[in-house]
Amino acid sequence: MFQLPDFSSPDFIPRFIGYLLGFVIGTTFHEFMHAYSALRLGDDTAKRMGRITLNPAAHFDPVGFILMVMLAMGIGFLAWGRPVQVNPYALRFGRRGMSIVAVAGPITNLVFATALTPLYKLTEVWLNSGSPPLLVDIHRVLLYMIYVNILLFCFNLIPIPPLDGFNILSGILPNAWVSILEPIRTYSLPILLAAVFFVPYIGNALNFDLNPVGIAIGPVATLLRNLFLGG
């Protein structure tokens, strides 16, 4: 059943800020690295479309951003940045080049989470020695920013279209598999919606825990969360 978040919770503001900053900054760097990697591999399509920039406005459409705000508030389920347009025929290394472009985005989210971790650990040390409420909130914001980017890393590596994992898989598999996988792109949106919404909904209706996304990313996300945040 749909429930509004508890706006009166002391954790609501730092959680909202942390999730929103994590999504906006993480998605901006994610899409930028797709565009930059494509340029370095010979395709200037993204450059001509103004995507070689760290200005977040270049990497979001209005609907995706509004849904991202809702997701940060705890009342959404899915959000997105503007996909970077890439011409795979202009890339060096052919399909391998496309897999490099695809993996650059998720790897950037992992690097961003890694870069934030020392600051998170530093604020944790200050908390143990006594600290003002503002520092407590900053500590919580950093926690959520790291966690969001761990999730972005894991989610985008799921090998289904239109996620990056599918392009990575298509780039590293033998040629015989490509002709089998490529037609699946036609059904990108239904496949994603089924994985995120319809299959879990059917599972709930049958009183059965059926969450393919959670199954796919849960173990890796938990491992990284414990590694970066200490459990």
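Since the structure is predicted, the reported quantities are computational estimates derived from the model, not experimental observations. We count residues from 1, following the sequence as given.
Here NE2 of H59 is found 6.0 Å from OG1 of T28. Values are rounded to the nearest 0.5 Å. Note that the CG atom of L135 and the CZ atom of R140 stand 12.5 Å from one another [nearest 0.5 Å]. With values rounded to the nearest 0.5 angstrom, T108 atom OG1 is found 13.5 Å from I25 atom CD1. Distance CG/L91 to OG/S37: 10.0 Å, rounded to 0.5 Å. Annotation: the span from L151 atom CG to L224 atom CG amounts to 9.5 Å, rounded to 0.5 Å. Taking NE2 from H34 and CZ from R82, the interatomic distance works out to 13.5 Å, rounded to the nearest 0.5 Å.
In this structure, D164 and V103 have side chains that are not in contact, with every pair of non-hydrogen atoms separated by 4.5 Å or more. Taking the side chain as every heavy atom from C-beta outward, E124 and H139 approach each other to under 4.5 Å. In this structure the side chain of D61 never reaches within 4.5 angstrom of the side chain of F65, judged on heavy atoms. A 4.5 Å side-chain heavy-atom check between T117 and I146 finds at least one atom pair inside the cut-off.
Pairing each heavy atom of F23 with each of M68, the nearest pair is CB-SD, 3.3 Å. Residues G97 and L41 share a closest heavy-atom pair of O-CD1, 3.5 Å. For the pair N109 and T27, the tightest heavy-atom approach, listed with the atom from each and the gap, is ND2-N, 4.5 Å. When every heavy atom of A46 is checked against every heavy atom of V84, the shortest pair comes out as CB-CG1, 3.7 Å. Shortest non-hydrogen contact noted between N149 and A113 is CB-CB, 4.1 Å. Closest approach of G171 and S99 over heavy atoms only: CA-CB, 3.9 Å.
Among residues two or more places apart in sequence or in another chain, the side chain to side chain donor-acceptor pair (under 3.5 Å) test is passed with N204 by none.
Summarising the local packing, NZ of K47 is surrounded by 12 or fewer heavy atoms from other residues, nucleotides or ligands at distances under 6.0 Å. Heavy-atom neighbours of R185 CZ from other residues, nucleotides or ligands within 6.0 Å: above the threshold of 12. Sparse packing is recorded around OH of Y201, with 12 or fewer heavy atoms of other residues, nucleotides or ligands lying under 6.0 Å away.
Linking ILVMFWY side-chain heavy atoms closer than 4.5 Å, directly or via other members, places V86 and F29 in two distinct hydrophobic clusters. Residue L229 is not grouped with residue L223 when hydrophobic side chains (ILVMFWY) are merged at heavy-atom distances under 4.5 angstrom, including chains of intermediate members. Residues V196 and L206 do not share a hydrophobic cluster, defined by chaining ILVMFWY side chains whose heavy atoms lie under 4.5 Å apart. When the side chains of ILVMFWY residues are joined at heavy-atom separations under 4.5 Å, either directly or via intervening members, V148 and F32 end up in a single hydrophobic cluster. Hydrophobic clustering of Ile, Leu, Val, Met, Phe, Trp and Tyr side chains at less than 4.5 Å, counting indirect connections, unites M73 with I13.
Of the residues F16, F12, Y120, Y19, the one that meets the ring pair (Phe, Tyr, Trp, His ring centres under 6.0 Å) test with Y144 is Y19.
Under a 3.5 Å cut-off, the side chain of D43 and the backbone N or O of L39 do not form any donor-acceptor pair. Between the side chain of R51 and the backbone N or O of P83, at least one donor-acceptor pair lies under 3.5 Å.
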When you look at N55 and T53, which way does the side-chain hydrogen bond (donor to acceptor under 3.5 Å, both in side chains) test go after all the steps? CA-CA 5 Å; N55 179 359; T53 176; 5.2 Å; no
List the steps, then state whether side-chain hydrogen bond (donor to acceptor under 3.5 Å, both in side chains) holds for N167 with R95. CA-CA 9 Å; N167 285 326; R95 289 189 295 108; over 6 Å; no
Going by atom type alone, with no hydrogens or angles, which donor-acceptor pairs under 3.5 Å involve a side-chain atom of residues 154-162 and a protein atom two or more places apart or on another chain?
from	atom 1	to	atom 2	distance (Å)
N156	ND2	L152	O	2.8

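Judged purely by distance below 3.5 Å, without hydrogens or angles, the side chains of S9 and D11 never pair a donor atom with an acceptor atom.
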